[in-house]
> 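I am attaching a structure below and will ask some questions about it afterwards.
Remember, it's 1-based here, ligands and their atoms both numbered in the order they're listed. Every value quoted in this text rests on a predicted model; they were computed, and no experiment measured them. Values reported hereafter were calculated over all heavy atoms of this structure, with side chains retained and with hydrogens, waters and symmetry mates removed.
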Amino acid sequence: MAASTPVIAIDGPTASGKGTVAGLVAEKLGWHYLDSGAIYRVLALSAMKRGVDLANEAGVAELGRNLNVEFSAGKVWLDGDDVSLDLRREETGNAASKIAALPAVREALLARQRAFCAAPGLVSDGRDMGSVVFPQSFLKIFLTASAEARAERRYKQLIAKGLPANIEDLLRDLMERDARDASRAVAPLRPCEDAVLLDTTAMSIDQAVLFVLDLVAKRGSGSSGQVV
Ligand code: DC
C-alpha cells in the first residue's frame, strides 16, 4: 500500500448505516470501498459450511488465511458461490461477531483488508478501521445512531431483501452484539481519540454523506480525488 494513498475510516456499531454512507462516499469520490464486516461475515459462513467450530480460534484463523472470497459485480463470492444474500442474514452477523472476538482471526484478516488500499483512495467501514487497520487515515468518523433507530433500519433492510425479521428480536440481538463488539479484548468497538462523531439518528443517508464529503473538502485528502 502506498503510504500516500488517502484513506477514510468509518467505524461504528451494527446497522448504523455506515456501510451505505461509506459506499456512497466512495462512489462520489471515485475511490475504492472496503466493507470489512463482509470479510468477517464470509469467514463465519465458511466456518459454518466446513463445520469448523466458531470458538476454534486456530481453525477459524487458518480458514481466514486461505479464504477464497471475491467481491465482483456488486456480489460476494465464497468458493465460487454467490453468498450475497446469506451474508446479510442476522445469524451470519452474530456468527461474525463471535469469530471477530478472537485475536488470531483478526490478525489473519489484516493483510487481506489492507490490500484494498489502492490509488486513488479508499473508504473503509468497520469497527477498527481507524484504530488498527488504517491508523494513518486522514479522516476518521465514528458513525452511530440510537439502538431503536438502528433496529428499525435493519428491519427495513431485511424485509426489502425478502429475509425474515422481527423488530424486538433485532433490537435484542443488536444490543447483545454491541456489547460483545465493545467489550472484546482486541480492537473493541469504540471511537478513536481523533475520530469525528456523527450521530445519524435524526439524519437521512444523504445528509450523512454530505457531512462526510464536506469534511473531506475541508481537510483535503492530499490526493486528486474530486467530488463528482
Ligand atoms: O458491520 P457488520 O455488521 O457487517 O459486521 C459483522 C461483525 O463483524 C460485527 O458484529 C463485528 C465484526 N467486525 C469487526 O469486528 N471488525 C470489523 N472491522 C468489521 C466487522
> Considering only non-hydrogen protein atoms, determine which one is nearest to atom 12 (C) of ligand 1 and report residue, atom name and distance to 0.1 Å.
Ala100 CB, 3.6 Å

> Could you say whether the N/O atoms of Gln113 and ligand 1 ever approach to under 3.5 Å?
no

> Geometry only, no angles: is Asp128 polar-contacting ligand 1 at N/O separations under 3.5 Å?
yes

> Considering only heavy atoms of Arg41, which atoms of ligand 1 have at least one such atom less than 4.0 Å away?
2 (P), 3 (O), 4 (O), 6 (C)

> Under a heavy-atom criterion of less than 4.0 Å, does Arg106 contact ligand 1?
yes

> Salt bridge (charged side-chain N to carboxylate O under 4.0 Å, His left out) between Arg88 and Asp35: does it pass, once the steps are laid out?
CA-CA 12 Å; Arg88 308 286 25 133; Asp35 171 1; 3.8 Å; yes

> For Arg153 and Thr20, which I'm curious about, is there any donor-acceptor pair between the side chains at under 3.5 Å?
no

> To which protein heavy atom is atom 11 (C) of ligand 1 closest, and what is the distance rounded to 0.1 Å?
Asp181 OD2, 3.5 Å

> Restricting to non-hydrogen atoms, name the atom on Arg180 and the atom on Ser97 that form the minimum distance, rounded to 0.1 Å.
NE-OG, 2.8 Å

> Provide the closest heavy-atom pair for Arg89 versus Pro164 in the form atom of the first, atom of the second, distance.
NH1-CD, 4.4 Å

> Flag Tyr40 as yes when one of its N or O atoms lies below 3.5 Å from any N or O atom of ligand 1, and as no otherwise.
no

> Which of the atoms of ligand 1 are close to Met129, meaning less than 4.0 Å from one of its heavy atoms?
18 (N)

> Determine the minimum heavy-atom distance between Ser46 and Leu67, stating which atoms define it.
CB-CD1, 3.8 Å

> What are the atoms of ligand 1, with element, lying closer than 4.0 Å to any heavy atom of Arg88?
4 (O)

> Give yes if a backbone or side-chain nitrogen or oxygen of Arg127 is under 3.5 Å from a nitrogen or oxygen of ligand 1, and no if not.
yes

> Check each atom of ligand 1 against the heavy atoms of Arg177 and keep those under 4.0 Å away; list them by number with element.
3 (O), 10 (O)

> Does Arg112 use its side chain to pair, donor to acceptor, with the backbone of Gly64 at less than 3.5 Å?
yes

> According to a 4.5 Å side-chain heavy-atom criterion applied to Ile, Leu, Val, Met, Phe, Trp and Tyr, with indirect links allowed, do Tyr33 and Ile10 form part of one hydrophobic cluster?
no

> Tell me the protein heavy atom at minimum distance from atom 7 (C) of ligand 1, and give that distance in Å.
Ala96 CB, 3.7 Å

> Go through ligand 1 atom by atom and flag the ones less than 4.0 Å from a non-hydrogen atom of Lys18.
1 (O)

> Measure the shortest side-chain to side-chain distance between Thr92 and Val83 over non-hydrogen atoms and say whether it is less than 4.5 angstrom.
no

> Any idea which part of Glu90 is under 4.0 Å from ligand 1, heavy-atom wise: side chain, backbone, both or neither?
neither

> Would you mind listing which atoms of ligand 1 come within a distance below 4.0 Å of any non-hydrogen atom of Gly37?
4 (O), 5 (O), 19 (C), 20 (C)

> Run through Ile39, Val132, Leu122 and flag the one making a side chain to side chain contact (heavy atoms under 4.5 Å, CB included) with Gln113.
Ile39

> Using a 4.0 Å cut-off to any heavy atom of Gly126, which atoms of ligand 1 qualify?
18 (N), 19 (C)

> Are any of the side-chain nitrogens in Arg172 or Glu168 under 4.0 Å away from the carboxylate oxygens of its partner?
no

> Short list, please: which atoms of ligand 1 are under 4.0 Å from a heavy atom of Thr14?
3 (O)

> Please write down residue, atom name and distance for the protein heavy atom closest to atom 19 (C) of ligand 1.
Ser36 OG, 3.4 Å

> Are Val42 and Leu110 connected into the same hydrophobic cluster when the rule is that any two of I, L, V, M, F, W, Y join if their side-chain heavy atoms are below 4.5 Å apart?
yes

